[in-house]
Amino acid sequence: MTHFSSTSRLLGTLTTLLLCAVSGAVLATTTPRTGAAKQRPPTVGEVRYEQHAGAMAFAQEVAQRNGWDAHWVRQQIGQAQHLPSVTRLVLPAPSGTPRNWTAYRARFIEPRRIQAGLGYWTAHRDTLARAEAEFGVPASLIVGVIGVETLYGQHLGQFRVLDALATLAFDFPEAHPRAQARQAFFREELEHLLTLARESGRDPASLRGSYAGAMGWPQFMPSSWLRYAIDFDGDGRIDLFESQADVIGSVANYFKAFGWQTGMPTHYPVQFDRARLDLPTLLEPDIRPTFDATALESLGVQLTEQGRRHVGPMALVELENGTGPRSYVAGTQNFYVVTRYNWSSYYALAVIELGETIQSMLPGRSPER
C-alpha cells in the first residue's frame, strides 16, 4: 500500500498504499490481515455524494485549489456512492484479538503463492534484474511484495476506488480511534485520485482496488502512484494494472525513495542472555533502528557473527505468537524501509521471507539477505 493489513504493537496505521505511508499505511488495526486478497465485492448503496453538502463543499475547495473546472470536480465526486461495507472494514479488530506471527506467516509462505511467485519471477526475470541493477533493491523483495499484496494479480480488489475513497473521506466511522486524522488522509487521497485521473487521462470511476483505495498489482494509494510510480517500460505512460515493467520498476523506486541501502541485510536472528536482558529498553523505540550491535549486546541480545559486524543502528523486533513464545529479530534500517510500504513488522517479514523462499527455489539461485 502500498496495501493495508492489521498489525502488532509495532504496526502503524494504513499507507502507502503505498504506499504507503505514504501509501500503504492507513488503517489502525490489531490483527494482521491483508486488504485486497480477502475483500468481497461491495454492495453499492443508493446514496450518491452529489446529495452530500460536505462533499460538494469539498469539491468546490478542490477545484479552487487546483484551478480545475468546478463542475467537473462536483460531477466526479458527486457520482461516488456510499459503501457501508467500507466503513465496517476500516474499523480495527476487537481489542484482545490475539496476534500470531506463525499463523500470519503461514498465510503467505505457502505452496500456491510460492508456485505463482516462481512463475512470475521466471516470466519477468530480465525486468527484475534490470530493476535490481538500477535501484539496488533485490528482486526477491519486489517479488515478495507483489505476492503478498495481490497474489501476483489474482486479488486486485473489487471496490470502485472513487466510491471507497469518498466513503472514507466523508463518512469515516467515528468509532475509529483516529477518525479525524484518517478522514483527513482519505480526503487528500480522493483529491490525489482526481489528479491522477487528469494526468493519466483515466476515468476516475473506472479504477478498482481495495476497500481503502489501493490500486494495481503493487496496491499503491493514489498519492503513492503520483509520487513513486514510474514508466519502466518506456511507453510514455504509467500503468500499474497491465504493465509488469511499470509494476516492478515502481516497487523498486518506492523502496529506493524511502532509503533502501543496497547490500544491507534486512534483519539478523537473535538469542538472549537472560541475565542481562532489558526488554523494556530494547522495545521502547518500537521498530525504529536505535541501537548499534554493541548496545544491543549490552542489553542482553546475542547476535550472530554477521550481526555483530553490522554497521548502523538496529531495532529489536518483537512478533507475538498467540499464547506461545514470541519471536524476535534484529531489524536493520532496511527492515524499517520495508515497513514503510505497510507499517507492520509482520507484513515486512512475510514479504522478505516469501521473496527469499521463491528465490531459493530458482535454478542456480540462492537466498540473499
Side-chain angles (χ1 to χ4, degrees), residues 3-15 20-21 24-25 27-34 92-109 141 144 148 177 258 264-304 306-308 310 312-357 369:
H3 177 60
F4 308 90
S5 47
S6 314
T7 65
S8 73
R9 171 184 91 69
L10 310 175
L11 313 184
T13 57
L14 280 183
T15 80
C20 353
L27 300 180
T29 51
T30 56
T31 303
R33 65 188 174 105
T34 55
S95 60
T97 302
R99 293 158 293 201
N100 192 320
W101 159 241
T102 302
Y104 185 83
R105 182 187 187 278
R107 290 174 54 194
F108 300 105
I109 320 302
L141 185 60
V148 168
F258 278 86
M264 175 184 287
T266 55
H267 62 285
Y268 302 101
V270 300
Q271 293 183 329
F272 293 140
D273 178 351
R274 297 289 174 179
R276 293 187 297 161
L277 183 61
D278 184 355
L279 275 180
T281 298
L282 288 163
L283 296 176
E284 193 279 331
D286 206 350
I287 57 174
R288 186 177 294 277
T290 304
F291 308 99
D292 63 17
T294 300
L296 283 177
E297 296 209 310
S298 72
L299 294 168
V301 177
Q302 296 177 328
L303 295 165
T304 62
Q306 187 182 15
R308 286 194 290 272
H310 180 81
M314 292 177 279
L316 182 65
V317 178
E318 180 183 67
L319 301 155
E320 296 181 31
N321 285 303
T323 59
R326 300 183 179 190
S327 299
Y328 296 89
V329 297
T332 70
Q333 183 63 34
N334 274 354
F335 187 92
Y336 187 74
V337 168
V338 180
T339 67
R340 300 309 87 191
Y341 204 100
N342 182 311
W343 290 7
S344 161
S345 55
Y346 296 79
Y347 172 89
L349 199 54
V351 161
I352 293 163
E353 293 196 6
L354 175 62
E356 290 180 346
T357 300
R369 192 182 73 190

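Keep in mind that this is a model prediction, so the values were computed, not measured.
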For a 4.5 angstrom cut-off between non-hydrogen side-chain atoms, does Y268 reach R308? no
Can you check whether A348's main-chain N or O pairs, donor with acceptor, with Y341's side chain at less than 3.5 Å? no
Exercise: identify the closest heavy-atom pair between G307 and A293: O-CB, 3.8 Å
Backbone N/O of G324 and side chain of N321: donor-acceptor pair under 3.5 Å: no
Check: T332 side chain, P265 main-chain N or O, donor-acceptor pair, under 3.5 Å: yes
Within a strict 4.5 Å, meaning less than it, do heavy atoms of the V301 and M314 side chains meet? no
Exercise: identify the closest heavy-atom pair between T290 and P313: N-CB, 3.8 Å
Measure the acute angle between the ring planes of Y328 and F272, then classify it against the limits of 30° and 60° as parallel, tilted or perpendicular. perpendicular
Which atom of Y347 lies closest to which atom of S344, heavy atoms considered: N-OG, 3.0 Å
List the atom of T281, the atom of D278, and the distance in Å for their closest heavy-atom pair. OG1-OD2, 2.7 Å
Between A315 and D286, what is the shortest heavy-atom contact and its length? CB-O, 4.0 Å
Quick one: does R107's side chain have a donor or acceptor within less than 3.5 Å of a partner on V148's backbone? no
Under a 4.5 Å cut-off applied to non-hydrogen side-chain atoms, are P269 and T304 in contact? yes
Is the shortest side-chain heavy-atom distance between V270 and V329 below 4.5 Å? no
Min side-chain heavy-atom separation I352-F335 under 4.5 Å: yes
Under 6.0 Å from the CZ atom of R288, do we count more than 12 heavy atoms belonging to anything else shown? no
